[in-house]
Structure formats: C-alpha cells, structure tokens
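Each chain gets a letter, A, B and so on, in the order the sequences are listed, and its residues count up from 1. No experiment lies behind these values; they were computed from the predicted model shown.
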2 protein chains.
Amino acid sequence: VIETRKVTKHYLMGDLCVKALRGVDLTVNRGEFVAIMGASGSGKSTLLNVIGCLDRPTSGQYLLDGVDTSGFSRDQYAEVRNQRIGFVFQTFNLLPRTTALDNVELPLFYDRTGKFNDPRAAAVESLERVGLGDRMHHDPSELSGGQRQRVAMARALVNNPSIILADEPTGNLDSRTSVDVLSVFQELNEQGITVLLVTHETDIAQYAKRIVVMRDGLIVSDRQVWDR
Amino acid sequence: VIETRKVTKHYLMGDLCVKALRGVDLTVNRGEFVAIMGASGSGKSTLLNVIGCLDRPTSGQYLLDGVDTSGFSRDQYAEVRNQRIGFVFQTFNLLPRTTALDNVELPLFYDRTGKFNDPRAAAVESLERVGLGDRMHHDPSELSGGQRQRVAMARALVNNPSIILADEPTGNLDSRTSVDVLSVFQELNEQGITVLLVTHETDIAQYAKRIVVMRDGLIVSDRQVWDR
Ligand SMILES: Nc1ncnc2c1ncn2[C@@H]1O[C@H](COP(=O)(O)OP(=O)(O)OP(=O)(O)O)[C@@H](O)[C@H]1O
Ligand SMILES: Nc1ncnc2c1ncn2[C@@H]1O[C@H](COP(=O)(O)OP(=O)(O)OP(=O)(O)O)[C@@H](O)[C@H]1O
Ligand SMILES: [Mg+2]
Ligand SMILES: [Mg+2]
C-alpha cells in the first residue's frame, strides 16, 4: 500500500545542502504494523511527511496504493490527508483557543463522504478511547503535555483512516498511559488498518511486527519482530 | 534550596475545579539530582512551573533559598527566572523565525550582571555541548523534534543557572542522544548545580540520585536511588 523508491529530500540553505533523506526504499503492505527508529535528525519525520503527502520528495517516487503521487493535484493530496491517512504529529499541531472536542471534530467537517451523521459523538468516542473523556472542554493551554499528545491522536483516528502515521505518539506519556494508547493502535491494526509508528523507545517498538531503523537519511536495517 | 509546603494549584473552569496539585511537600537541597515521575496529568509540569516561578500556588508556600516567594515583586520573579533557574520546557517554547543561535543567545541579553562579555561564543558552546554545532543557523521549522528539544536545553543552560528544571528533556530523543544529553546534566550536577528532571522513562530516572513519584496532584513516593 505504501512504496517509496529511492526517495530523497534535500533542503537548500544558502550554498549548503541538508540531505534529510538520501534514497529511501520502503515497501509496506496493507495491514502491517511497522515501527521506525533511529537517531535524532536521522530523517524519520521527513520520511513520514513524504508518506503522509505533507511534503514531496526532491527525487525518487512515492506510490500510494500503487498510484504515483507525483501526479496528484492539490485536491487529491488533500483528499489523501483528510480521508485515507490519520497523522499524529510529533509537535501535536493543535489549534489554540479551541477545545479538545472541537480540535478532534475538525477533520469531520472536511469529510464529504457523508458517513459521519454525528460528528460530535464520533469525536467524544475518540477522546474517550485515549482516556480524555474528562478533558474534552479544555483547550490545549489547559492540558498537560501528554494530554495534548493524546488529543492529537484522537484527532488522527476520528475519521477511521485506513493508514495511521504516528510520530513519537508516546514521547510525553508514562508507561501505563503508553500501554493504553498502543493497545488502541494494536486493536485498529487487528481490524486491518496499516500503522507506521516512529519511536525512539525499544519497548514501544516491540508492539509492532516489523522494525525499520534509519541513520543519516537512509534505512540501515529492516526486520520482522518475533516473540511479541 | 527548594522547599514547597502544602502547595496546591487549582484551576477554575466554570463551576468545575481542576486540582492539579493537592498539597505537595517537597524539599530539595543544593546540589541534588532529583527525577520526578508520574502518570500523564499527575501534576509534574504544574509543580515544575511553581518551582520555576512561572506560576503561583493557589495555597501553600514555596521557599526558594529560604525566602518565601509569595512576597516577590515582578522584578524579583523575573530575576529568578532569568538568572537563577534554567528551564527546559516540555513544549520547547522556541521563538519561530529565529535561528537556534539567536534563540539560545536571548537569555544573555536579559543578563545584567555583566558576566557575559561574549554572548555569541557562550551560545555557540552551549549548542555544541548538545551536539547541534552544525545546526546553529537553522530556525525551529528547519529542525527535527529532538533537535528543537536540544535547542531548548542549550538555551536553559547558557547563562549558567544554579538550578536546572527540565520537563521531559529526552521525550523526543533516541537513546544514544539521550545519554549524551544526560551526561551534560550529570557533569553540571557534579559542579554543584541542582537538577530536577521530569521524565516518564525509568532508564532516564536512573541518572538521578533520588526519584519522586506523583499521582493525582500528590507525591506518593520519594526515595534515594542506589546502584547507579
Ligand atoms: N490551565 C489549566 N486549566 C485547567 N486544567 C489544567 C490547566 N493546566 C493543567 N491542567 C490540568 O492539570 C493536570 C496536571 O497537569 P500537568 O501539566 O502538571 O500534568 P503532567 O504531570 O505534567 O502531565 P504530562 O506527563 O502529560 O505532561 C492535568 O490533568 C491538566 O489537564
Ligand atoms: N526545513 C528544513 N531545512 C533544513 N533542514 C531541515 C529542515 N527540516 C529538517 N531538516 C533537517 O533534516 C534532518 C532530518 O530531520 P527529521 O525531522 O526527519 O529528523 P527525525 O529523525 O525526525 O529526528 P527526531 O528524532 O529528532 O525527531 C535533521 O537533521 C534536520 O535538521
Ligand atoms: Mg522527528
Ligand atoms: Mg507535563
């Protein structure tokens, strides 16, 4: 369902060229649960942004469901981001001065498939699933770091995406809350949803069935996880 | 050096009262290295904000170096924040559209002690110490999550504070980079600097000499760490 071929991403800063991705080949099949690990600055978020259609590669190809994304129009990119992919950002990206409930409900206003006849109920359920049933009317400045992280997760899941991309979703969570959140991802994966999870913790990566390790913009290891 | 007595912090939201801190007694002596752990929402950041003079308690007292902070003027609060305490925020709080170097140099402009005759050199050294020597001219949007976290750290350390308060400083860092960053804290602690570190990872907490655990706005355990 996800296939990158020799994807590179270069940033030009004056006469310096920062090579965030240097030729990444990654194939993920529908229903897989993949953890992506690697040092700070190794390119994990950049790769996730390309896969989530938030950024285009400098060179190389990215095929989503077998279709080359370089041909996409702005509308097609938006449709992928709003309906097919749920993205949990490393820096949450919540709307300030907007309650958790409204933040989570927002993607449903963009949904034109008509399958959400009660967006408010779907948002409430999504927040309850990550343990925030009693924090729905707080805005981000009235929430703890881990609570904001979970609002970002609830928002990513609310429109039942077929692919979930999560960038360090447990970075601000204690182990008990992390386990609760990861079991949500596991349940969704058992229902056939594809999950890509960036994490720097090996305990968290163990929840996945495959671990990909990056270093300096390249994939250096890619193996199945046994004995989960 | 730090002493809280029955500190509470309540947030009023309509007719609801959220009790983030419910009576916290914590005494930290000069030169200690304390880790604070606890579930998401248990009050760790709120406690750190009170200790860092970023927020006042609803009731109870907070004594810094034996002086009751409730008597402080605005200037005294600012002087504590700018000179005595280095704060690494859970959400970094960097200035956008401002390079890492300028972000780190900023606290030195507020310093009126005259001890920094070369603020730029001090900022460069602080960034190099956290491994960002080659990212100094990037602004936050051009940095990875873990790099932004380290800029926040470099900024907190640049004016040689006598107390460091770090809120999840390794939440976005891989284990190798975390070890590098924690050894910076350990070195500073060996020079006599008091360190309070909020973390949700037990591996990280092991670098401290004492671990305090919070739950629902209270301290539920407080013990020394042996066999480091
Ligand atoms: N301004 C506010 N108004 C209302 N409630 C608040 C406000 N700020 C924080 N809270 C609540 O106070 C509680 C403690 O928050 P705090 O940020 O201290 O938690 P924490 O232990 O740092 O959590 P985390 O590990 O998730 O960062 C949380 O339940 C949060 O929802
Ligand atoms: N807009 C940009 N301009 C220049 N360099 C950039 C830009 N965005 C990212 N970079 C650089 O690209 C590299 C990869 O960044 P990326 O965010 O993918 O890392 P990461 O693996 O997610 O790191 P972390 O674990 O710290 O979040 C970093 O060294 C970063 O400094
Ligand atoms: Mg990242
Ligand atoms: Mg916190």
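Among residue pairs with one or both ends in residues 86-98 of chain B, those qualifying as side chain to side chain donor-acceptor pair (under 3.5 Å) are Asn172(A)-Gln90(B), Ser45(B)-Gln90(B), Thr91(B)-Asn93(B); sequence neighbours excluded.
Within residues 130-140 of chain B, the residues having any heavy atom under 4.5 Å from a heavy atom of chain A are, by residue number, Arg135(B), His137(B), His138(B). The stretch residues 7-21 of chain B places Met13(B), Val18(B) near chain A, each with some heavy atom under 4.5 Å from a heavy atom of that chain. Residues of residues 51-59 of chain B lying under 4.5 angstrom from chain A, judged on non-hydrogen atoms, do not exist here.
For the options Ala39(B), Gly146(B), Gly41(B), heavy-atom pairs under 4.5 Å to chain A are most numerous at Ala39(B). With respect to chain B, the highest number of heavy-atom pairs below 4.5 Å among Glu201(A), Gln147(A), Met37(A) belongs to Glu201(A). Interface summary for chain B: among Arg148(A), Arg176(A), Arg150(A), the most heavy-atom pairs under 4.5 angstrom belong to Arg150(A).
Gln149(B) does not touch chain A: none of its heavy atoms, backbone or side chain, sits under 4.5 Å away. Of the atoms belonging to Thr199(A), not a single heavy atom falls under 4.5 Å from chain B. Contact annotation for Thr202(B): neither backbone nor side-chain heavy atoms come within less than 4.5 Å of a heavy atom of chain A.
Atom CD of Glu125(A) has 12 or fewer heavy atoms from other residues, nucleotides or ligands within 6.0 Å.
Arg215(A) CZ to Asp174(B) CG: the interatomic distance, rounded to the nearest 0.5 Å, is 11.5 Å.
Within the 4.5 Å cutoff, the side chain of Ser175(B) has no heavy atoms near those of the His200(A) side chain.
Shown here for Ser144(A) and Ser40(B), the closest heavy-atom pair between the two residues is OG-OG, 3.7 Å.
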